[in-house]
Protein chains: 2
Amino acid sequence: MNKPDSVHPTLCDQAHVTRTTSAGWMLQRLACMNETRMQSRLKAHGLKMDHFIVLMALTEKEGASQTEIGEGLRLAGYTVSRVLDALEKQGLVKRKQDEQSRRTHRVFLTDEGRGLMPSIFGIVGEQNKELLDKLSLEDQGEFLRLLTLLTKVTGPGTN
Amino acid sequence: MNKPDSVHPTLCDQAHVTRTTSAGWMLQRLACMNETRMQSRLKAHGLKMDHFIVLMALTEKEGASQTEIGEGLRLAGYTVSRVLDALEKQGLVKRKQDEQSRRTHRVFLTDEGRGLMPSIFGIVGEQNKELLDKLSLEDQGEFLRLLTLLTKVTGPGTN
DNA sequence: TATTGTTATACTCTATAACTATA
DNA sequence: TATAGTTATAGAGTATAACAATA
């Protein structure tokens with residue numbers, strides 16, 4: 001009422017352009033769909049996202065302490081505790097006392113956990129294939145290259 | 001113990017390769033960092049992510065019904081209800097009865113809500129700038145192009 | 001009977017911090 | 001006193017479905 005009509009369309013256009021050309025917006029959309037899809041894949045193995053990433057971390061670095069796991073994955077200590085409780089109950093990992101210090105636990109995959117990993121890798125492969133499906137092979141490589149650049153230099157801790 | 005040592009390194013290597021070359025893994029990492037950053041930007045305006053995307057949707061399509069908002073943003077009906085409660089309490093939007101049907105509400109920005117949008121656009125701009133900062137200008141365009149391809153064809157509903 | 005929107009409820013996640021046992 | 005890990009608890013977010021009012 002107290003503004004000329006011409007003001008409104010501009011705001012609307014700005015919103016449209018912002019949504020349709022914003023890297024962040026598209027990134028979140030894509031990641032959200034990707035996560036939902038991955039969750040349903042993991043569900044078939046009785047795993048949640050947190051379980052999956054902890055298993056991956058342990059496969060890469062067996063005998064990691066809980067603190068190390070948390071730091072690498074940016075998970076809170078209490079989250080690591082609970083995820084390991086669940087994984088231990090499923091017989092996929094086991095905690096052992098560190099030989100040096102009796103307050104740190106070193107975590108290992110069980111044989112069963114190790115036996116599970118190949119199918120987990122399979123899932124990741126399917127997931128990535130599906131994610132990149134819409135792109136030409138060349139563009140797929142390009143997307144990977146850019147993602148690598150964008151995620152590499154990130155934190156102060158090189159990692 | 002009951003497996004030869006040579007088996008283990010292979011699994012470990014596979015995990016490492018999987019993590020460092022997986023588009024999905026990097027995508028989730030990047031999106032998570034991006035979301036955290038955006039949340040803290042929005043916090044300065046007393047907004048949460050849901051509030052922000054609903055405001056964007058309304059700016060683009062004032063007078064949308066709650067169902068339409070929910071469909072466009074993939075938010076559950078009860079979420080839309082509650083977000084609108086909050087935004088209405090902040091004086092940023094208002095619900096009006098539809099003229100045709102007395103059970104659908106049409107939602108509009110208030111003048112105050114409209115006044116807020118320019119700074120919201122500003123935030124989005126900063127956010128995207130920061131997100132793409134590590135890439136050359138050319139690569140930034142390339143990343144946008146690929147994201148557009150990846151998010152466009154998605155669902156059965158064209159949208 | 002189906003739709004729009006609201007509300008109650010339960011469940012999961014996350015965050016804070018208190019706590020135990022070490023060092 | 002600081003660290004590793006656990007646990008209790010509160011708060012936020014999400015999901016289910018019951019509900020009121022329309023159509």
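Values reported hereafter were calculated over all heavy atoms of this structure, with side chains retained and with hydrogens, waters and symmetry mates removed. All chains are named by letter (A, B, ...) in the order of the sequence lines, taking the proteins before the strands, and each is independently numbered beginning at 1. Note that the structure is a prediction, hence the values are computed from the model and not measured.
- In terms of the side-chain hydrogen bond (donor to acceptor under 3.5 Å, both in side chains) criterion, residue partners of B:R95 (sequence neighbours excluded) are, by chain and number, B:Q66, B:D85, B:E88.
- The side-chain hydrogen bond (donor to acceptor under 3.5 Å, both in side chains) search around B:R37 returns B:S40, B:E130, not counting sequence neighbours.
- Pairs passing the salt bridge (Lys or Arg N to Asp or Glu O under 4.0 Å) check and including a residue from residues 52-61 of chain B, sequence neighbours excluded, read A:R19-B:E60, B:K61-B:E68.
- Every residue meeting the side-chain hydrogen bond (donor to acceptor under 3.5 Å, both in side chains) condition with A:R145, not counting sequence neighbours, appears here in chain and number order: A:E142, B:D139.
- Residue whose closest nucleotide on DNA chain C sits further toward the 5' end, between A:Q100 and A:T79: A:T79.
- Looking at residues two or more places apart in sequence or on another chain, you find a side-chain hydrogen bond (donor to acceptor under 3.5 Å, both in side chains) between A:N128 and B:S22.
- Partners of B:H45 by side chain to side chain contact (heavy atoms under 4.5 Å, CB included), not counting sequence neighbours, listed by chain and number: B:L47, B:L116, B:S119, B:I123.
- For residues 36-52 of chain A, proximity to DNA chain D is found at no residue, defined as any non-hydrogen atom under 4.0 angstrom from a strand atom.
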For nucleotides 1-7 of chain C, 5' to 3', base contacts (B), sugar-phosphate-only contacts (S) and non-contacts (-) with protein non-hydrogen atoms under 4.0 Å give -BBSSBB

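- When the side chain to side chain contact (heavy atoms under 4.5 Å, CB included) test is applied to A:E112, the partners found at least two apart in sequence or on another chain are A:L92, A:T110.
- Of all nucleotides in DNA chain D, those with any atom nearer than 4.0 Å to a heavy atom of chain A start and finish, going 5' to 3', at D:dA2 to D:dT9.
- Applying the side chain to side chain contact (heavy atoms under 4.5 Å, CB included) criterion to B:Q39, with sequence neighbours excluded, gives B:E35.
- Taking B:T21 as the reference, B:V17 meet the side chain to side chain contact (heavy atoms under 4.5 Å, CB included) condition, with sequence neighbours excluded.
- A heavy-atom distance below 4.5 Å is found between the side chains of A:T67 and A:E71.
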